[in-house]
Structure formats: C-alpha cells, structure tokens
Amino acid sequence: MAQPKYTTHHGMVDILPEEVRKWQFLENLIREEAEKFNFEEIRTPIMEQTELIVRGLGQMTDIVSKEIFTFSRGDDNYVLRPELTAPVVRAFVEHRLDQRGGSQKLYYIGPMFRAERPQKGRQRQFHQFGVEIMGSSDAVADVEVIAFMIHICNKLGITNTTLKLNSIGDPESREVYKQALKAHLKPDYDKLSDVSKKRYEKNPLRILDSKEEEDRPFIETAPVITNYLSEKSVSHYNKVKDYLGDLGISFTEDPYLVRGMDYYTETAFELISPDLGAQDALAGGGRYDLLVEEIGGLPTPAVGFAAGMERLFIACEELGIELGDGKKVDVYIVTLGDAARKWGLAQLSKFRDKGISATMDYMGRSMKAQMKDANRENARFAIIVGDNELNEGKFTFRDMKESKEEALSFEEIMEIIQM
Ligand code: HAM
C-alpha cells in the first residue's frame with residue numbers, strides 16, 4: 001500500500017484500541033488510589049496563557065526557551081501546556097481554592113506538550129498523572145506525595161526503581177550556593193560546553209543537569225548544595241528523610257539533582273527506572289513554596305509530582321507486566337437471514353439493559369465467518385439464530401469456552417448468562 005497521505009505529527013502518537021485497554025487500566029488505578037489518599041481530581045484547559053508558563057517555569061528553562069508550542073490569535077497568546085503545576089496553581093489562585101479551607105489535595109491525568117526531539121520515552125505529546133498538595137509546608141505533605149508516586153508504581157508491579165532525593169533549599173541558600181558553584185567553575189569556564197557557558201550567568205544550577213561529556217569532570221567535583229542550606233532548610237530536609245525512613249521508603253541522596261523548572265524550593269526528587277534507557281525518569285517533583293505568590297496568589301507553600309504515563313508503560317513492558325484485560329464480549333448473536341438479524345438487533349438492548357455486553361455481525365457474513373468473528377471478539381457465549389430457531393422459539397446457545405451447545409429458549413439463555 002502507498003504511504004498514507006496524512007500522518008500524525010512527529011512525536012505524537014495515536015493510541016489504538018488494543019492499547020487503550022492498558023490506558024484505561026492505569027487511569028482507573030490512579031483514580032481509585034487517589035481516592036484512598038483523599039486527592040480530588042482537577043481538570044484544566046489544554047491551552048494556557050503563554051505568560052503564565054513563562055513566569056511560572058522560568059524564562060531560562062529548556063521547556064520555556066526551546067520546547068513550548070505557542071501561537072497567537074488576535075491579542076491572545078496561547079501555549080499548549082507543557083506541564084500542569086503552573087496551570088493548577090493558576091486555577092487555585094483564580095478560583096480562590098484556599099477558601100475551601102485546609103490544604104488542597106489535587107490530582108490530574110492528561111496530555112502535555114513539549115517540542116523535544118522524539119526518542120524512546122520522549123514524545124511531543126505525552127501524558128502525565130500527578131498530584132499537588134497546596135497550603136502545607138509540613139514535611140508530611142512532601143512524604144505523602146512521594147508515597148503516592150511509589151504506591152502507584154508498586155501497584156503496577158514496578159518495584160525496581162530508585163528514588164533520588166535532594167534539597168535545593170530556600171532562595172537565600174541557593175543564592176549563596178550559586179556563587180560557590182560559579183567560583184568552582186570559573187577557572188575552567190572555557191572548557192565548559194556551549195550550553196553550560198550560556199547557563200553560567202543566568203542559571204548556573206542547571207549546569208549540574210548537563211548531559212554534555214565535557215562538563216562531567218567539573219560537575220563531579222562541584223560543591224554540593226546540601227552544604228549551603230539554611231538551618232530551616234536542613235531541618236525540613238531531615239524531617240522528609242526521617243518520615244520516608246518511617247514508611248520504609250528507601251532513597252538515594254543526590255546533591256546534584258536539580259529539576260528542570262525554576263519554581264522549585266526545598267525538596268526535589270525523581271523516581272528513576274533502570275528499564276527506560278536514556279530517558280530514565282519515571283516521575284519527578286518537589287516543593288514550590290513561592291509559585292502561588294509569584295502567580296498572584298497569597299503566600300502558599302506547595303509540593304507535588306508528575307509521572308510520565310508512557311514511561312510507566314515502557315517499564316511495565318520491560319518487566320513483562322501486562323496491564324488490562326484483552327478484548328472480550330459476553331454475547332455474540334450469530335444471525336442467518338433478515339428476520340434473524342432483526343430479532344438479534346432487538347435482543348442486544350435486552351442484554352445491555354442487564355449489564356451484559358452484546359454484539360452481532362453488521363456485515364451480512366456467512367455463519368462460519370460470524371463464528372470466526374465471535375472467536376476473534378473473544379465472545380463468552382454465542383447465540384445462533386435462523387428462521388427455524390425463530391419459529392420454534394429455541395436457539396442454539398454455544399458456550400465458547402467449553403465448546404458445548406444446546407437448544408434453549410431466550411429466557412433460559414438469559415438466566416444462564418446472568419448466573
Ligand atoms: P517533569 O520532570 O518535567 O516534571 O515531568 C514529569 C515526568 O513526565 C517525567 O519524569 C517524565 O516521566 C514525563 N515526561 C516529561 N517530558 C516527557 C516527554 N517529552 N515525553 C514523555 N514523558 C515525559 C513536571 O512536569 C512537574 N510539573 C512535576 C511537578 C508537579 N512538580 C511539582 N508538582
């Protein structure tokens with residue numbers, strides 16, 4: 001066949017019916033487990049104001065400077081959301097969710113957009129689920145967020161992960177650290193990669209995240225941020241580690257872990273999987289105690305994470321974990337002749353009303369082809385009906401699993417199926 005004329009954009013994929021099952025399985029799991037943790041779902045628009053994302057994530061971040069899809073219409077500037085923390089904060093401020101009282105525990109599931117170079121585990125449209133707890137500065141909130149992230153992975157059977165943990169402190173500690181980092185890098189400035197040279201003045205912390213080989217030696221010997229934290233930040237970080245220990249959640253401290261957005265303060269973490277290849281982060285998050293105020297709300301501490309759903313599927317596949325059942329239907333009505341087709345069509349709704357899934361042939365195929373189709377559809381039972389069966393009020397009822405047939409009335413069939 002010739003190449004199709006229209007295809008999806010680079011890095012954007014169709015989720016076909018066979019794959020939708022595992023998506024539904026994961027989405028249902030997230031919703032069920034989120035309820036147990038007392039998170040409430042929030043849904044925000046796919047498009048936001050560009051200004052929100054630029055302000056929220058930071059002008060100098062890779063996402064804002066290279067990866068956002070933007071366009072304008074009239075005087076409005078639109079961006080396809082690259083993540084949901086800033087939009088959720090926008091909604092929190094816009095709708096004064098703080099007035100609901102207590103801390104707000106929100107979760108979300110949905111598509112995000114980043115114009116990155118597509119590769120395994122990296123798409124331009126991808127899906128995240130995540131949570132945000134807003135209004136608590138307590139380390140308990142950090143740990144609940146991390147616990148939920150790990151809980152979902154455990155439920156899926158992904159248990160070979162590493163939780164990387166760091167504290168990037170408050171802005172004052174970070175400023176002191178930035179100076180120390182720059183002083184360390186200065187003598188070797190000329191040997192740094194071009195990207196790191198650019199980051200040196202504007203966002204030196206991001207140099208720690210560099211993937212360029214030439215930067216390695218200077219990163220490996222760099223001062224560590226945890227030695228520059230204020231007393232308050234150290235105390236918060238110690239509590240997080242202490243509570244994680246109490247829950248039996250193991251972690252590896254990585255003082256060079258800096259996240260990709262500027263809004264982070266204090267706790268930063270990533271969940272790494274050995275099954276993902278180069279894009280090894282299943283999930284990531286941290287505190288962002290200043291973002292709500294930055295966006296125009298009252299000072300509100302907050303913490304959250306987001307996980308990449310496509311990456312969870314890759315990890316499951318590598319680990320041989322199958323998610324969701326295969327295709328199946330309870331009843332397939334095999335019809336021969338017009339009267340039978342009419343009868344079959346009318347019976348479908350009777351099954352469906354009783355919560356039984358039912359289908360029939362729509363293509364006027366032979367009995368043999370219909371039986372083959374019933375097999376392909378993984379039907380539990382088939383009802384075979386032609387003129388004779390209609391006249392006698394007895395239908396051939398086939399148990400597809402047991403390969404057994406008997407002639408029964410419609411009422412008898414219904415009774416068996418409902419058992
Ligand atoms: P993030 O680290 O940018 O954090 O993204 C979270 C996760 O989304 C990543 O660990 C990865 O699994 C997945 N992901 C990111 N980009 C792609 C991509 N191009 N293709 C496939 N998967 C991808 C955030 O988005 C923050 N909003 C997390 C957060 C919530 N922080 C606080 N609250």
Side-chain angles (χ1 to χ4, degrees), residues 9-13 15 26 39 42 44 48 52-53 56-58 61-64 66-69 80-92 104-134 136 141-142 144-146 148-150 152-153 158 161-164 166 168 206 209 257-273 275-292 300-316:
H9 277 300
H10 198 40
M12 301 194 175
V13 300
I15 301 173
L26 178 56
F39 285 109
I42 183 162
T44 62
E48 293 283 348
L52 167 77
I53 299 300
L57 277 60
T61 57
D62 283 354
I63 297 182
V64 168
K66 295 194 285 212
E67 298 166 4
I68 44 176
F69 288 98
L80 292 178
R81 60 191 197 187
E83 59 105 54
L84 260 183
T85 306
V88 167
V89 169
R90 193 242 338 114
F92 177 87
Q104 301 305 309
K105 296 174 63 179
L106 306 168
Y107 81 94
Y108 48 79
I109 304 175
M112 312 293 153
F113 304 85
R114 296 184 193 174
E116 295 188 82
R117 201 162 37 81
Q119 63 180 81
K120 189 177 175 197
R122 193 161 72 187
Q123 295 175 189
R124 293 188 158 191
Q125 176 173 340
F126 61 99
H127 296 75
Q128 285 184 344
F129 78 90
V131 308
E132 312 292 349
I133 301 183
M134 323 207 35
S136 168
D142 306 43
E144 276 276 271
V145 160
I146 294 173
F148 181 69
M149 175 178 82
I150 290 179
I152 295 290
C153 289
I158 307 172
T161 54
T162 303
L163 172 63
K164 281 195 189 173
N166 192 19
I168 55 165
R206 298 282 314 138
D209 210 22
L257 174 72
V258 282
R259 304 261 308 129
M261 293 79 158
D262 286 352
Y263 52 61
Y264 288 111
T265 55
E266 311 290 349
T267 320
F269 55 86
E270 265 174 17
L271 194 65
I272 305 298
S273 158
D275 298 312
L276 291 181
Q279 304 303 316
D280 63 355
L282 275 177
R287 269 208 167 268
Y288 48 96
D289 288 342
L290 305 173
L291 183 60
V292 180
T300 309
V303 58
F305 85 90
M309 295 169 75
E310 284 82 359
R311 292 193 191 175
L312 288 173
F313 292 135
I314 295 175
C316 285

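Values reported hereafter were calculated over all heavy atoms of this structure, with side chains retained and with hydrogens, waters and symmetry mates removed. Counting starts at 1 for both ligands and their atoms, following the listed order. Positions are given from 1 along the sequence.
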Select the closest option to [atom] among [options], judged by heavy-atom distance.
atom	options	result
atom 21 (C) of ligand 1	Ser273, Pro118, Gly121	Gly121
atom 18 (C) of ligand 1	Phe126, Tyr264, Tyr108	Phe126
atom 19 (N) of ligand 1	Glu116, Met112, Glu67	Glu116

Value rounded to 0.5 Å, distance of [atom1] in [X] from [atom2] in [Y]:
X	Y	atom1	atom2	value
Gln123	Arg117	CD	CZ	14.5 Å
Leu257	Asp209	CG	CG	7.5 Å
Arg114	Asp62	CZ	CG	10.0 Å

Fill in: Any residue meeting ring-ring contact (aromatic ring centres under 6.0 Å, His included) with Phe305, in chain and number order, not counting sequence neighbours
Phe129
Heavy-atom closest contact ([X] atom, [Y] atom, distance):
X	Y	result
Gly304	Val145	C-CG1, 3.7 Å
Ala278	Gln119	CB-NE2, 3.8 Å
Leu271	Ile150	CD1-CG1, 4.3 Å
Arg81	Thr44	NH1-O, 3.1 Å
Ala86	Ile53	CB-CD1, 4.3 Å
Ala283	Met149	CB-SD, 3.6 Å

Which residue and atom name correspond to the protein heavy atom nearest [atom], and how close is it?
atom	result
atom 20 (N) of ligand 1	Gln123 N, 3.0 Å
atom 13 (C) of ligand 1	Gly308 CA, 3.5 Å
atom 7 (C) of ligand 1	Ala306 O, 3.6 Å
atom 11 (C) of ligand 1	Arg311 NH1, 3.4 Å
atom 4 (O) of ligand 1	Arg259 NH2, 2.9 Å
atom 32 (C) of ligand 1	Gly304 O, 3.3 Å

Sub-4.0 Å atoms of ligand 1 with respect to non-hydrogen atoms of [X]:
X	value
Gln128	5 (O), 6 (C), 7 (C), 8 (O), 24 (C), 25 (O)
Glu83	25 (O), 26 (C), 27 (N)
Glu132	30 (C), 32 (C), 33 (N)
Gly285	31 (N)
Ala281	10 (O), 11 (C), 12 (O)
Gly284	10 (O), 28 (C), 29 (C)

Discussion item. Please enumerate all residues that pass side-chain hydrogen bond (donor to acceptor under 3.5 Å, both in side chains) together with Glu132, with sequence neighbours excluded.
Written reply: Thr85, Tyr108, Tyr288
Using heavy atoms and a threshold below 4.0 Å, how should the contact between [X] and ligand 1 be classified: side chain, backbone, both, or neither?
X	value
Phe305	backbone
Gln279	neither
Arg114	side chain
Leu282	backbone
Phe113	neither
Met261	side chain

Fill in: Ionic contact status for Arg259 with Glu270, cut-off 4.0 Å
yes
Worksheet item: So, does Gly260 sit close enough to ligand 1 that a heavy atom of it is under 4.0 Å from the ligand?
Response: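 Checking ligand 1 against Gly260, which is what was asked, there is no heavy-atom contact under 4.0 Å.
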Item to complete: Let me see the working for Met134 and Val88 under side chain to side chain contact (heavy atoms under 4.5 Å, CB included), right down to the final yes or no.
Response: CA-CA 10 Å; Met134 323 207 35; Val88 167; 4.1 Å; yes
Worksheet item: Short N/O distance, under 3.5 Å, between Tyr288 and ligand 1?
Response: no
Fill in: Derivation of the side chain to side chain contact (heavy atoms under 4.5 Å, CB included) call for Gln125 and Leu80
CA-CA 10 Å; Gln125 176 173 340; Leu80 292 178; over 6 Å; no
